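Following: one structure in structure tokens, then a few remarks.
If you're wondering where the values come from, they're calculated on a predicted model, not measured in any experiment. In what follows, chains carry the letters A, B, and so on, assigned in the order in which the sequence lines appear, proteins first and then strands, with residues in each chain numbered from 1.
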Amino acid sequence: MNGFMKRFLLIMLGIVVWVVVWVAIYDQVNVWLVRHAPGNSAYKLERLLTRAEISETPILGSSRAETCYAPSVLGTNVFNYGISGSCIRETLFHLRMVLARKKSGDIVVNLDPWGFAYYGTEKKSGFAGSYGLAALESNVRKELPAGLVSLSNWLPGIRFQGRLRANLTAWLNARKGVTKKVDHGAALAMRSRTEQEWKVIDATLKPVSFVGPNAAAREELEMIERLLKERSDVRVFWVVSPASPSWKRLYTGKRDLESFLSGLKGQNHVVNVLMDTGFNADDFVDPTHLNLQGATKFSRLLKARIESL
Amino acid sequence: MFLPVVFGVYWFALARSVKAQNVWLLLASYVFYGWWDWRFMGLIAFTSGVSYLTGLKCADGQRHRRFWLVVSLVLNLAILGFFKYCNFFLESTASLLQMLGMKANMPVLQVVLPVGISFYTFQALSYTIDVYRGKITPVRDWIAFFTFVSFFPQLVAGPIERASNLLPQFKRSRQFECDKALHGVCLIAYGLFKKMVVADTLALYVDQAFAHPALYNSTACLLGVFFFSFQIYCDFSGYSDCARGLARLFGFELMLNFDRPYLSQSFGEFWHRWHISLSSWFKDYVYIPLGGNRVSFHRLIVNIWIVFLLSGLWHGTSWTFVAWGAVHAVFLTSGILRRRYWPSLKLPSALSIILVDIGVFAAWMLFRARTFTDLKAFVGRMADCEFFGSMMATCAGLGPMVLLFCFLAVGLLLLSYVVPRDCVFRTTKARVAYILVVSFVTIFFAVPSGGEFIYFQF
């Protein structure tokens with residue numbers, strides 16, 4: 001090895017060390033931001049999956065859970081664990097994890113009106129990498145569906161607990177509500193759409209049906225049913241939140257959804273507000289997600305329904 | 001892992017033999033290419049073989065030289081035409097027949113576009129043509145030639161190298177030089193910064209603005225065009241910088257492909273600074289054989305239009321790309337007319353740069369919008385002149401943080417222009433400091449799961 005090569009390799013070693021150090025610092029900055037931002041997906045996963053006990057009423061589900069349920073309206077000890085990009089597959093996994101950690105009380109599970117459309121398919125939910133922090137726990141890791149724990153969860157700085165921009169936005173929202181109002185994990189959109197915007201959005205809508213559970217999903221549901229039979233101290237509420245009038249007109253799965261929900265009763269309680277006519281376009285930020293106004297209205301309605309049961 | 005292994009074996013085990021180094025690079029390049037899709041290794045080998053053999057036959061003094069040149073052109077362009085343009089022409093023919101009221105049952109072929117085919121085909125063709133013209137002597141070392149066509153740093157997105165520049169470097173012995181290698185690392189770091197920090201950040205906004213222009217205001221659309229202009233520049237020039245940097249690590253010099261194109265004072269100058277390897281290829285192998293500018297005025301305009309329409313077609317299989325080429329032909333034609341009829345009309349440099357940038361940025365709309373329908377919707381929204389509105393409408397629905405990061409990304413890019421290149425690359429300490437600063441910025445501001453390089457699709 002000649003002198004020039006030695007010099008080059010030494011310099012490259014120094015550069016690599018520099019990069020590794022800053023990547024580690026970047027990683028820690030992200031971890032700090034995540035842990036101080038209740039609206040952040042990675043925060044929610046860590047909180048949900050790594051604490052020994054869950055005392056609050058958790059709300060589980062997708063972005064529809066995250067944006068449609070206002071915890072401060074629902075009660076005093078409620079936390080919104082809705083994670084954008086979750087499919088029912090992830091939600092059922094979280095429900096099992098919660099049942100293992102919750103001593104007694106209520107659990108709210110949001111069911112999307114398209115049901116099990118993506119269960120067991122190749123569609124990757126957007127938050128899969130957010131298991132980064134939570135996946136450090138061995139008991140969580142062994143439960144995670146195959147493929148969701150990957151090398152990217154382990155390499156410093158590449159762990160996908162969020163990119164700096166996204167984590168910074170979530171942290172700022174938690175402090176000041178820059179783009180969304182963060183309410184105990186809920187990210188409530190502070191805007192509604194103009195008539196012109198609705199025209200464009202509605203023009204892109206397509207018919208949607210309800211897809212029932214496949215074999216793997218039925219197995220998962222049976223597992224949850226068995227767990228609930230042993231847990232008379234826990235109530236699970238399956239809730240279907242509202243959708244916009246134009247979206248509802250194209251929805252073809254009403255009967256299939258009701259059939260599925262009626263099969264859930266017994267160990268569960270069902271609140272189906274999907275076709276409720278009390279919500280108009282002003283309550284929505286997009287056809288399937290309520291805004292702050294709509295979420296407040298829906299949460300009051302849900303609270304009344306739960307209290308009546 | 002690929003790069004350290006290739007680099008290590010190349011310099012530690014094979015430094016004494018140029019031939020061994022070439023063989024190693026050839027193997028590495030084919031493994032690199034095969035990683036994308038192993039099925040197309042045969043295709044690049046075939047292109048290389050055809051060009052190598054026809055090159056031998058095209059040399060001065062050979063019989064039927066012109067025949068073998070035609071064979072090379074036909075075979076290589078046929079392969080490119082089939083893989084890249086087959087479905088485009090079938091679909092266009094079907095549309096035309098339907099417009100004329102005729103039934104069109106054209107077959108739809110599931111043809112996968114091999115990565116880099118536009119680049120390496122042009123590179124191989126330039127060799128055969130240069131041999132025919134007597135500019136270079138044909139290469140007898142097939143390993144050197146195959147490596148020249150498939151050289152992995154520039155294989156998938158250029159620069160399109162000339163045989164006269166790159167081939168002799170495969171024959172020469174290469175010595176490791178620390179400063180040259182560090183300069184290469186500087187280029188790689190800068191290329192990654194341009195791609196992962198600037199281009200991928202801007203893509204977040206651009207994708208939204210172009211996908212749903214009707215949901216946002218005219219300001220969002222204008223910003224979309226502005227950001228896309230920098231996105232495509234950083235995406236493409238970032239790859240070129242990485243390619244040049246990687247080549248330097250192995251002791252090779254690739255040509256400069258971008259030379260601050262948005263500082264051009266005329267559209268002609270823009271094409272001497274943007275994708276230099278492609279524009280010079282079209283100049284040498286299409287424009288000049290057509291007569292160049294040594295023809296009548298009208299013929300000159302026709303030549304320019306032919307070159308730019310072909311250039312547009314090279315970029316993509318959609319009529320929007322051809323229209324983009326046509327727009328640039330209009331720009332150049334207007335420049336020629338200005339010089340012919342108003343030679344005294346001269347604008348201040350700054351104004352010239354701004355006007356050229358406005359024209360170039362506006363033309364990028366054709367490049368970005370995939371169809372004329374999308375373009376119409378986008379331009380229509382801009383023409384509504386609704387520049388003010390809600391913050392969300394201006395931020396393309398993404399929030400002010402994304403917009404802030406986009407401006408920051410463009411600001412960082414412009415800041416990098418302020419640093420004089422001679423200063424940065426003069427000493428080892430300056431190079432190392434440059435690498436450390438750029439890597440720091442990239443770590444904190446990169447969009448890690450950003451998209452593929454735009455020009456990979458060509």
Region of [X] that comes under 4.5 Å of a non-hydrogen atom in chain A:
{"X": "L436(B)", "result": "both"}
{"X": "T428(B)", "result": "side chain"}
{"X": "L408(B)", "result": "neither"}

Considering the options Y10(B), W24(B), W35(B), F250(B), which one meets the ring pair (Phe, Tyr, Trp, His ring centres under 6.0 Å) requirement together with F152(B)?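 Going through the options one by one, the only one that passes is F250(B).
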Could you tell me whether F378(B) and F372(B) have their ring centroids closer than 6.0 angstrom?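 Here the rings of F372(B) and F378(B) have centres that are no less than 6.0 Å from each other.
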Among all residues two or more places apart in sequence or in another chain, which pass the ring pair (Phe, Tyr, Trp, His ring centres under 6.0 Å) test with W22(A)?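 Applying ring pair (Phe, Tyr, Trp, His ring centres under 6.0 Å) to W22(A) gives W18(A), F440(B), F444(B).
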Ring pair (Phe, Tyr, Trp, His ring centres under 6.0 Å) involving H289(A) - partner list, sequence neighbours excluded: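 Partners of H289(A) by the ring pair (Phe, Tyr, Trp, His ring centres under 6.0 Å) criterion come out as none, since no residue qualifies.
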Which of D179(B), V432(B), V185(B) touches chain A most, by non-hydrogen pairs under 4.5 Å: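 If we count pairs closer than 4.5 Å to chain A, V185(B) comes out on top.
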